[in-house]
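Read the structure below first, then the notes.
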2 protein chains.
Amino acid sequence: MTDRHEQWLAAERLALTLTEGGMQRMAARTLAVFLFTDQESVTAGEIIDRLEASAGSVSSAIKSLLSVGLIERLPAPGSRREHYQLRDNAWATLFTSQNAVIQAMLQAAAAGIATTASGDPAHRRLTEMHDFYEFLLGEIPTLLDRWRQQSG
Amino acid sequence: MTDRHEQWLAAERLALTLTEGGMQRMAARTLAVFLFTDQESVTAGEIIDRLEASAGSVSSAIKSLLSVGLIERLPAPGSRREHYQLRDNAWATLFTSQNAVIQAMLQAAAAGIATTASGDPAHRRLTEMHDFYEFLLGEIPTLLDRWRQQSG
DNA sequence: CGGAGCCTTCAGTAATTTCTGAACGTACGG
DNA sequence: CCGTACGTTCAGAAATTACTGAAGGCTCCG
(Lines give C-alpha, C1' and ligand atoms only; values in the text may rest on other atoms or scores of the structure.)
Protein backbone atom coordinates (compact mmCIF):
# COMPACT_ATOMS: atom_id res chain seq x y z
CA MET A 1 0.00 0.00 0.00
CA THR A 2 1.01 3.55 -0.82
CA ASP A 3 3.98 2.06 -2.67
CA ARG A 4 5.10 4.90 -4.90
CA HIS A 5 6.08 2.75 -7.80
CA GLU A 6 2.93 0.64 -7.71
CA GLN A 7 0.90 3.80 -7.66
CA TRP A 8 2.73 5.26 -10.60
CA LEU A 9 2.11 2.03 -12.51
CA ALA A 10 -1.58 2.00 -11.64
CA ALA A 11 -1.92 5.62 -12.72
CA GLU A 12 -0.21 5.06 -16.04
CA ARG A 13 -2.29 1.97 -16.71
CA LEU A 14 -5.45 3.86 -16.01
CA ALA A 15 -4.30 6.54 -18.42
CA LEU A 16 -3.68 3.87 -21.03
CA THR A 17 -7.21 2.58 -20.57
CA LEU A 18 -8.65 6.04 -20.96
CA THR A 19 -6.62 6.46 -24.13
CA GLU A 20 -8.02 3.25 -25.56
CA GLY A 21 -11.44 4.59 -24.74
CA GLY A 22 -10.77 7.51 -27.05
CA MET A 23 -9.17 10.15 -24.84
CA GLN A 24 -5.98 11.85 -25.98
CA ARG A 25 -2.88 10.47 -24.40
CA MET A 26 -1.69 13.53 -22.54
CA ALA A 27 -5.17 14.44 -21.34
CA ALA A 28 -5.55 10.90 -20.02
CA ARG A 29 -2.24 11.00 -18.16
CA THR A 30 -3.12 14.38 -16.72
CA LEU A 31 -6.50 13.11 -15.55
CA ALA A 32 -4.72 10.24 -13.84
CA VAL A 33 -2.63 12.74 -11.88
CA PHE A 34 -5.80 14.43 -10.65
CA LEU A 35 -7.11 11.08 -9.52
CA PHE A 36 -4.00 9.82 -7.81
CA THR A 37 -2.62 12.92 -6.16
CA ASP A 38 -2.69 12.94 -2.37
CA GLN A 39 -3.44 16.65 -2.39
CA GLU A 40 -6.82 18.26 -2.75
CA SER A 41 -5.74 20.33 -5.73
CA VAL A 42 -2.91 20.43 -8.22
CA THR A 43 -1.01 23.05 -10.22
CA ALA A 44 0.21 22.83 -13.79
CA GLY A 45 3.78 22.79 -12.53
CA GLU A 46 3.16 19.76 -10.37
CA ILE A 47 1.66 17.89 -13.30
CA ILE A 48 4.65 18.80 -15.45
CA ASP A 49 7.01 17.39 -12.82
CA ARG A 50 5.02 14.27 -12.24
CA LEU A 51 4.58 13.38 -15.90
CA GLU A 52 7.96 14.69 -16.99
CA ALA A 53 6.23 16.40 -19.88
CA SER A 54 6.59 19.81 -21.46
CA ALA A 55 4.69 22.81 -20.17
CA GLY A 56 3.06 23.11 -23.56
CA SER A 57 1.51 19.70 -23.67
CA VAL A 58 0.31 19.90 -20.08
CA SER A 59 -1.22 23.28 -20.75
CA SER A 60 -3.25 21.96 -23.65
CA ALA A 61 -4.24 18.83 -21.73
CA ILE A 62 -5.57 20.97 -18.88
CA LYS A 63 -7.40 23.10 -21.38
CA SER A 64 -9.14 20.11 -22.88
CA LEU A 65 -10.05 18.60 -19.50
CA LEU A 66 -11.52 21.93 -18.47
CA SER A 67 -13.50 22.20 -21.67
CA VAL A 68 -15.22 18.84 -21.17
CA GLY A 69 -15.87 19.60 -17.52
CA LEU A 70 -13.76 16.90 -15.91
CA ILE A 71 -11.70 19.32 -13.84
CA GLU A 72 -12.25 22.85 -12.55
CA ARG A 73 -10.08 25.85 -11.84
CA LEU A 74 -10.21 26.73 -8.16
CA PRO A 75 -10.86 30.25 -6.94
CA ALA A 76 -7.23 31.35 -6.73
CA PRO A 77 -5.98 30.90 -3.17
CA GLY A 78 -3.79 34.00 -3.26
CA SER A 79 -1.06 32.16 -5.09
CA ARG A 80 0.36 33.06 -8.41
CA ARG A 81 -0.25 29.53 -9.59
CA GLU A 82 -3.59 28.29 -10.79
CA HIS A 83 -4.99 25.35 -8.85
CA TYR A 84 -7.18 22.71 -10.41
CA GLN A 85 -9.08 19.72 -9.12
CA LEU A 86 -11.21 16.85 -10.31
CA ARG A 87 -14.85 17.85 -10.40
CA ASP A 88 -17.56 16.05 -8.55
CA ASN A 89 -19.36 13.85 -10.96
CA ALA A 90 -16.49 13.74 -13.37
CA TRP A 91 -17.27 10.16 -14.32
CA ALA A 92 -20.87 10.80 -15.04
CA THR A 93 -19.73 13.73 -17.17
CA LEU A 94 -17.31 11.56 -19.06
CA PHE A 95 -20.05 9.05 -19.70
CA THR A 96 -22.48 11.73 -20.77
CA SER A 97 -20.05 12.99 -23.36
CA GLN A 98 -20.88 9.79 -25.20
CA ASN A 99 -24.28 11.32 -25.77
CA ALA A 100 -22.78 13.56 -28.38
CA VAL A 101 -21.57 10.54 -30.29
CA ILE A 102 -24.95 8.86 -30.05
CA GLN A 103 -26.68 12.00 -31.20
CA ALA A 104 -24.36 12.18 -34.17
CA MET A 105 -25.06 8.57 -35.07
CA LEU A 106 -28.75 9.25 -34.91
CA GLN A 107 -28.45 12.15 -37.29
CA ALA A 108 -26.22 10.20 -39.63
CA ALA A 109 -28.82 7.44 -39.77
CA ALA A 110 -31.60 9.93 -40.42
CA ALA A 111 -29.63 11.50 -43.24
CA GLY A 112 -29.12 8.08 -44.78
CA ILE A 113 -32.78 7.18 -44.51
CA ALA A 114 -33.66 10.31 -46.41
CA THR A 115 -31.58 9.13 -49.38
CA THR A 116 -33.15 5.68 -49.69
CA ALA A 117 -36.46 4.40 -51.00
CA SER A 118 -38.56 2.40 -48.60
CA GLY A 119 -38.15 -0.89 -50.47
CA ASP A 120 -34.37 -0.69 -50.41
CA PRO A 121 -32.62 -3.00 -47.94
CA ALA A 122 -30.49 0.00 -46.97
CA HIS A 123 -33.63 1.75 -45.85
CA ARG A 124 -34.46 -1.08 -43.49
CA ARG A 125 -30.92 -1.26 -42.08
CA LEU A 126 -30.69 2.47 -41.50
CA THR A 127 -34.07 2.48 -39.82
CA GLU A 128 -32.97 -0.26 -37.44
CA MET A 129 -29.88 1.71 -36.64
CA HIS A 130 -31.89 4.84 -36.07
CA ASP A 131 -34.32 3.10 -33.75
CA PHE A 132 -31.55 1.68 -31.62
CA TYR A 133 -29.76 4.96 -31.10
CA GLU A 134 -33.01 6.73 -30.44
CA PHE A 135 -33.74 4.19 -27.74
CA LEU A 136 -30.30 4.62 -26.22
CA LEU A 137 -30.51 8.36 -26.16
CA GLY A 138 -33.78 8.11 -24.31
CA GLU A 139 -32.43 5.72 -21.72
CA ILE A 140 -29.37 7.65 -20.66
CA PRO A 141 -31.07 10.36 -18.61
CA THR A 142 -32.98 7.70 -16.66
CA LEU A 143 -29.79 5.81 -16.08
CA LEU A 144 -28.03 8.84 -14.65
CA ASP A 145 -31.03 9.61 -12.47
CA ARG A 146 -30.77 6.18 -10.96
CA TRP A 147 -27.09 6.76 -10.33
CA ARG A 148 -27.66 10.05 -8.60
CA GLN A 149 -30.31 8.49 -6.45
CA GLN A 150 -28.17 5.52 -5.52
CA SER A 151 -25.02 7.50 -4.78
CA GLY A 152 -26.81 10.22 -2.89
CA MET B 1 -34.24 10.25 -52.79
CA THR B 2 -31.87 7.53 -53.95
CA ASP B 3 -29.67 10.28 -55.28
CA ARG B 4 -26.32 8.56 -55.72
CA HIS B 5 -24.21 11.47 -54.69
CA GLU B 6 -26.31 12.34 -51.65
CA GLN B 7 -26.10 8.75 -50.59
CA TRP B 8 -22.34 8.65 -50.93
CA LEU B 9 -22.10 11.80 -48.84
CA ALA B 10 -24.36 10.41 -46.15
CA ALA B 11 -22.34 7.19 -46.04
CA GLU B 12 -19.03 8.99 -45.74
CA ARG B 13 -20.39 11.27 -43.04
CA LEU B 14 -21.63 8.30 -41.08
CA ALA B 15 -18.20 6.75 -41.39
CA LEU B 16 -16.68 9.96 -40.08
CA THR B 17 -18.96 9.84 -37.07
CA LEU B 18 -18.02 6.27 -36.34
CA THR B 19 -14.37 7.26 -36.58
CA GLU B 20 -14.86 10.01 -34.05
CA GLY B 21 -16.49 7.44 -31.83
CA GLY B 22 -13.26 5.49 -31.85
CA MET B 23 -13.54 3.16 -34.83
CA GLN B 24 -10.68 2.94 -37.28
CA ARG B 25 -11.20 4.92 -40.42
CA MET B 26 -11.23 2.11 -42.97
CA ALA B 27 -13.35 -0.15 -40.79
CA ALA B 28 -15.84 2.68 -40.42
CA ARG B 29 -16.03 3.31 -44.15
CA THR B 30 -16.45 -0.39 -44.77
CA LEU B 31 -19.25 -0.63 -42.25
CA ALA B 32 -20.95 2.25 -44.03
CA VAL B 33 -20.88 0.24 -47.26
CA PHE B 34 -22.62 -2.63 -45.51
CA LEU B 35 -25.28 -0.25 -44.29
CA PHE B 36 -25.88 1.60 -47.52
CA THR B 37 -25.64 -1.13 -50.13
CA ASP B 38 -28.87 -1.97 -51.93
CA GLN B 39 -27.88 -5.61 -52.01
CA GLU B 40 -28.42 -8.16 -49.28
CA SER B 41 -24.75 -9.06 -49.15
CA VAL B 42 -21.44 -7.67 -50.35
CA THR B 43 -18.07 -9.02 -51.48
CA ALA B 44 -14.65 -7.63 -50.72
CA GLY B 45 -14.24 -6.68 -54.36
CA GLU B 46 -17.37 -4.55 -54.30
CA ILE B 47 -16.15 -2.73 -51.23
CA ILE B 48 -12.80 -2.11 -52.89
CA ASP B 49 -14.53 -0.56 -55.89
CA ARG B 50 -16.91 1.50 -53.87
CA LEU B 51 -14.32 2.96 -51.53
CA GLU B 52 -11.55 3.13 -54.11
CA ALA B 53 -9.23 1.59 -51.57
CA SER B 54 -6.59 -1.10 -51.78
CA ALA B 55 -7.43 -4.78 -51.39
CA GLY B 56 -5.14 -4.90 -48.40
CA SER B 57 -6.83 -2.25 -46.37
CA VAL B 58 -10.29 -3.58 -47.14
CA SER B 59 -9.20 -7.05 -46.18
CA SER B 60 -8.03 -5.91 -42.78
CA ALA B 61 -11.12 -3.78 -42.26
CA ILE B 62 -13.34 -6.79 -42.94
CA LYS B 63 -11.25 -8.85 -40.58
CA SER B 64 -11.72 -6.38 -37.78
CA LEU B 65 -15.46 -6.00 -38.37
CA LEU B 66 -15.79 -9.78 -38.30
CA SER B 67 -13.82 -10.02 -35.09
CA VAL B 68 -16.10 -7.63 -33.23
CA GLY B 69 -19.18 -9.32 -34.62
CA LEU B 70 -20.60 -6.47 -36.66
CA ILE B 71 -20.68 -8.43 -39.92
CA GLU B 72 -20.77 -12.12 -40.76
CA ARG B 73 -19.44 -14.30 -43.54
CA LEU B 74 -22.30 -15.91 -45.42
CA PRO B 75 -22.39 -19.62 -46.17
CA ALA B 76 -20.74 -19.47 -49.59
CA PRO B 77 -23.41 -19.35 -52.28
CA GLY B 78 -21.39 -21.44 -54.73
CA SER B 79 -19.33 -18.45 -55.77
CA ARG B 80 -15.63 -18.16 -55.41
CA ARG B 81 -16.07 -14.84 -53.69
CA GLU B 82 -16.84 -14.57 -50.01
CA HIS B 83 -20.05 -12.76 -49.24
CA TYR B 84 -20.55 -10.73 -46.08
CA GLN B 85 -23.45 -8.92 -44.53
CA LEU B 86 -24.30 -6.75 -41.58
CA ARG B 87 -25.37 -8.89 -38.64
CA ASP B 88 -28.66 -8.53 -36.90
CA ASN B 89 -28.13 -6.62 -33.75
CA ALA B 90 -24.94 -5.04 -34.99
CA TRP B 91 -25.70 -1.82 -33.13
CA ALA B 92 -26.34 -3.50 -29.86
CA THR B 93 -23.07 -5.34 -30.38
CA LEU B 94 -21.23 -2.13 -31.07
CA PHE B 95 -22.68 -0.63 -27.92
CA THR B 96 -21.82 -3.70 -25.89
CA SER B 97 -18.21 -3.50 -26.97
CA GLN B 98 -18.08 -0.46 -24.72
CA ASN B 99 -18.43 -2.92 -21.88
CA ALA B 100 -14.83 -3.92 -22.35
CA VAL B 101 -13.78 -0.34 -21.81
CA ILE B 102 -15.93 -0.01 -18.71
CA GLN B 103 -14.59 -3.26 -17.35
CA ALA B 104 -11.06 -2.01 -17.88
CA MET B 105 -11.82 1.24 -16.10
CA LEU B 106 -13.24 -0.71 -13.20
CA GLN B 107 -10.11 -2.78 -12.90
CA ALA B 108 -7.88 0.25 -13.23
CA ALA B 109 -9.76 1.91 -10.38
CA ALA B 110 -9.52 -1.20 -8.23
CA ALA B 111 -5.78 -1.39 -8.83
CA GLY B 112 -5.42 2.20 -7.79
CA ILE B 113 -7.48 1.72 -4.64
CA ALA B 114 -5.17 -1.07 -3.61
CA THR B 115 -2.20 1.31 -3.67
CA THR B 116 -3.75 4.01 -1.47
CA ALA B 117 -4.41 4.30 2.25
CA SER B 118 -7.99 4.92 3.27
CA GLY B 119 -7.34 8.46 4.53
CA ASP B 120 -5.78 9.58 1.26
CA PRO B 121 -7.95 11.80 -0.98
CA ALA B 122 -6.88 9.59 -3.85
CA HIS B 123 -8.53 6.67 -2.12
CA ARG B 124 -11.82 8.52 -1.98
CA ARG B 125 -11.62 9.60 -5.63
CA LEU B 126 -10.76 6.16 -6.89
CA THR B 127 -13.57 4.64 -4.87
CA GLU B 128 -16.06 7.07 -6.39
CA MET B 129 -14.79 6.17 -9.82
CA HIS B 130 -15.03 2.49 -9.05
CA ASP B 131 -18.59 2.77 -7.78
CA PHE B 132 -19.73 4.59 -10.87
CA TYR B 133 -18.33 2.10 -13.33
CA GLU B 134 -19.61 -0.78 -11.28
CA PHE B 135 -23.05 0.75 -11.44
CA LEU B 136 -22.78 1.23 -15.19
CA LEU B 137 -21.65 -2.28 -15.83
CA GLY B 138 -24.62 -3.57 -13.91
CA GLU B 139 -27.10 -1.45 -15.82
CA ILE B 140 -26.10 -2.37 -19.33
CA PRO B 141 -27.59 -5.88 -19.45
CA THR B 142 -30.92 -4.52 -18.20
CA LEU B 143 -30.78 -1.80 -20.81
CA LEU B 144 -30.25 -4.26 -23.62
CA ASP B 145 -33.04 -6.46 -22.30
CA ARG B 146 -35.40 -3.53 -22.54
CA TRP B 147 -34.22 -2.95 -26.10
CA ARG B 148 -34.81 -6.53 -27.14
CA GLN B 149 -38.24 -6.43 -25.62
CA GLN B 150 -39.15 -3.17 -27.28
CA SER B 151 -37.84 -4.05 -30.72
CA GLY B 152 -39.25 -7.55 -30.68
C1' DC C 1 -3.30 -30.99 -63.06
C1' DG C 2 -2.58 -26.27 -64.60
C1' DG C 3 -4.37 -21.61 -64.95
C1' DA C 4 -6.96 -17.79 -63.26
C1' DG C 5 -9.25 -15.16 -59.91
C1' DC C 6 -9.77 -13.70 -55.35
C1' DC C 7 -8.20 -12.84 -50.80
C1' DT C 8 -4.61 -12.28 -47.26
C1' DT C 9 -0.24 -10.85 -45.35
C1' DC C 10 3.49 -7.88 -44.75
C1' DA C 11 7.13 -4.54 -45.52
C1' DG C 12 7.62 0.04 -46.77
C1' DT C 13 5.67 4.62 -47.21
C1' DA C 14 2.48 8.28 -46.54
C1' DA C 15 -0.37 10.87 -43.52
C1' DT C 16 -1.83 12.16 -39.22
C1' DT C 17 -1.45 12.94 -34.55
C1' DT C 18 1.07 14.27 -30.56
C1' DC C 19 4.84 16.40 -28.20
C1' DT C 20 8.42 19.65 -27.50
C1' DG C 21 10.86 24.05 -27.09
C1' DA C 22 11.07 28.80 -27.71
C1' DA C 23 8.91 33.15 -27.83
C1' DC C 24 5.36 35.83 -25.89
C1' DG C 25 1.82 37.49 -22.49
C1' DT C 26 0.38 38.30 -17.76
C1' DA C 27 0.42 39.25 -12.95
C1' DC C 28 2.49 39.28 -8.68
C1' DG C 29 6.15 40.82 -5.41
C1' DG C 30 9.63 43.74 -4.15
C1' DC D 1 7.55 50.16 -11.94
C1' DC D 2 10.85 46.66 -12.98
C1' DG D 3 12.15 41.81 -12.44
C1' DT D 4 10.73 37.27 -12.03
C1' DA D 5 7.86 33.31 -12.14
C1' DC D 6 4.09 30.97 -14.53
C1' DG D 7 1.28 29.85 -18.11
C1' DT D 8 -0.02 29.88 -23.08
C1' DT D 9 0.54 29.58 -27.98
C1' DC D 10 2.46 27.96 -32.08
C1' DA D 11 5.73 26.23 -35.47
C1' DG D 12 8.41 22.41 -36.26
C1' DA D 13 10.06 17.59 -34.98
C1' DA D 14 9.10 13.04 -33.51
C1' DA D 15 6.29 9.21 -33.11
C1' DT D 16 2.46 6.72 -34.17
C1' DT D 17 -1.05 5.05 -37.11
C1' DA D 18 -3.10 3.87 -41.47
C1' DC D 19 -2.67 2.75 -46.34
C1' DT D 20 -0.74 0.87 -50.40
C1' DG D 21 1.30 -2.44 -53.53
C1' DA D 22 3.54 -6.63 -54.32
C1' DA D 23 4.16 -11.38 -53.28
C1' DG D 24 2.06 -15.58 -51.88
C1' DG D 25 -1.65 -19.01 -50.88
C1' DC D 26 -5.97 -21.14 -51.74
C1' DT D 27 -9.85 -22.72 -54.41
C1' DC D 28 -12.46 -23.44 -58.24
C1' DC D 29 -12.87 -24.51 -63.04
C1' DG D 30 -11.63 -26.28 -67.25
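The chains referred to below are lettered A, B, ... by the order of the sequence lines, with proteins before strands, and numbering in each begins at 1. Please read all numbers here as calculations on a predicted model, not as lab measurements.
The distance between atom CG of A/Leu16 and atom P of C/dT18, rounded to the nearest whole Å, is 14 Å. Distance CG (A/Leu65) to P (D/dG7): 16 Å, rounded to an integer number of Å. Taking atom CZ of A/Arg73 as the reference point, atom P of C/dT26 lies 14 Å away to the nearest angstrom. Protein atom NE2 of A/His83 is 12 Å distant from nucleotide atom C1' of D/dC6, rounded to whole Å. Atom CD in B/Glu82 sits about 11 Å away from atom C1' in C/dT8, given to the nearest Å. For the pair B/Ile62 CD1 and D/dA18 P, the interatomic distance rounds to 18 Å; values are reported in whole Å.
Remark: of the listed residues B/Arg73, B/Glu72, B/Glu46, B/Arg73 is the sole one forming a side chain to side chain donor-acceptor pair (under 3.5 Å) with B/Tyr84.
In this structure a side-chain-to-backbone donor-acceptor pair under 3.5 Å is missing from A/Ser57 to A/Ala53.
The stretch residues 18-36 of chain B touches DNA chain D through B/Gln24, B/Arg25, B/Met26, each having a heavy atom under 4.0 angstrom from the strand. Scanning residues 41-56 of chain B for heavy-atom distances under 4.0 Å to DNA chain C yields B/Ala44, B/Gly45, B/Ala55, B/Gly56.
Between B/Ser59 and C/dC7 there is no side-chain N or O to OP1 or OP2 distance below 4.0 Å. At least one side-chain nitrogen or oxygen of B/Lys63 sits closer than 4.0 Å to the OP1 or OP2 atom of C/dT9.
Side-chain contact between B/Ser41 and B/Leu74: present, with at least one pair of heavy atoms (C-beta onward) separated by less than 4.5 Å. Residues A/Leu9 and B/Thr115 form no side-chain contact, since every pair of their non-hydrogen atoms from C-beta on lies 4.5 Å or further apart.
Between B/Arg146 and B/Glu139 there is no salt bridge, since none of the side-chain N atoms of the basic residue sits less than 4.0 Å from a carboxylate O of the acidic one. The existence of a salt bridge linking A/Glu128 and A/Arg124 is confirmed by a sub-4.0 Å separation between a basic side-chain nitrogen and an acidic carboxylate oxygen.
The ring-ring contact (aromatic ring centres under 6.0 Å, His included) analysis of residues 89-120 of chain B, with sequence neighbours excluded, yields the pairs A/Tyr133-B/Trp91.
Aromatic ring orientation, B/His5 versus B/Trp8: parallel (interplanar angle below 30°, classes split at 30° and 60°).
For the residue pair A/Ala28 and A/Ala15, the shortest heavy atom distance occurs at CB-O, 3.4 Å.
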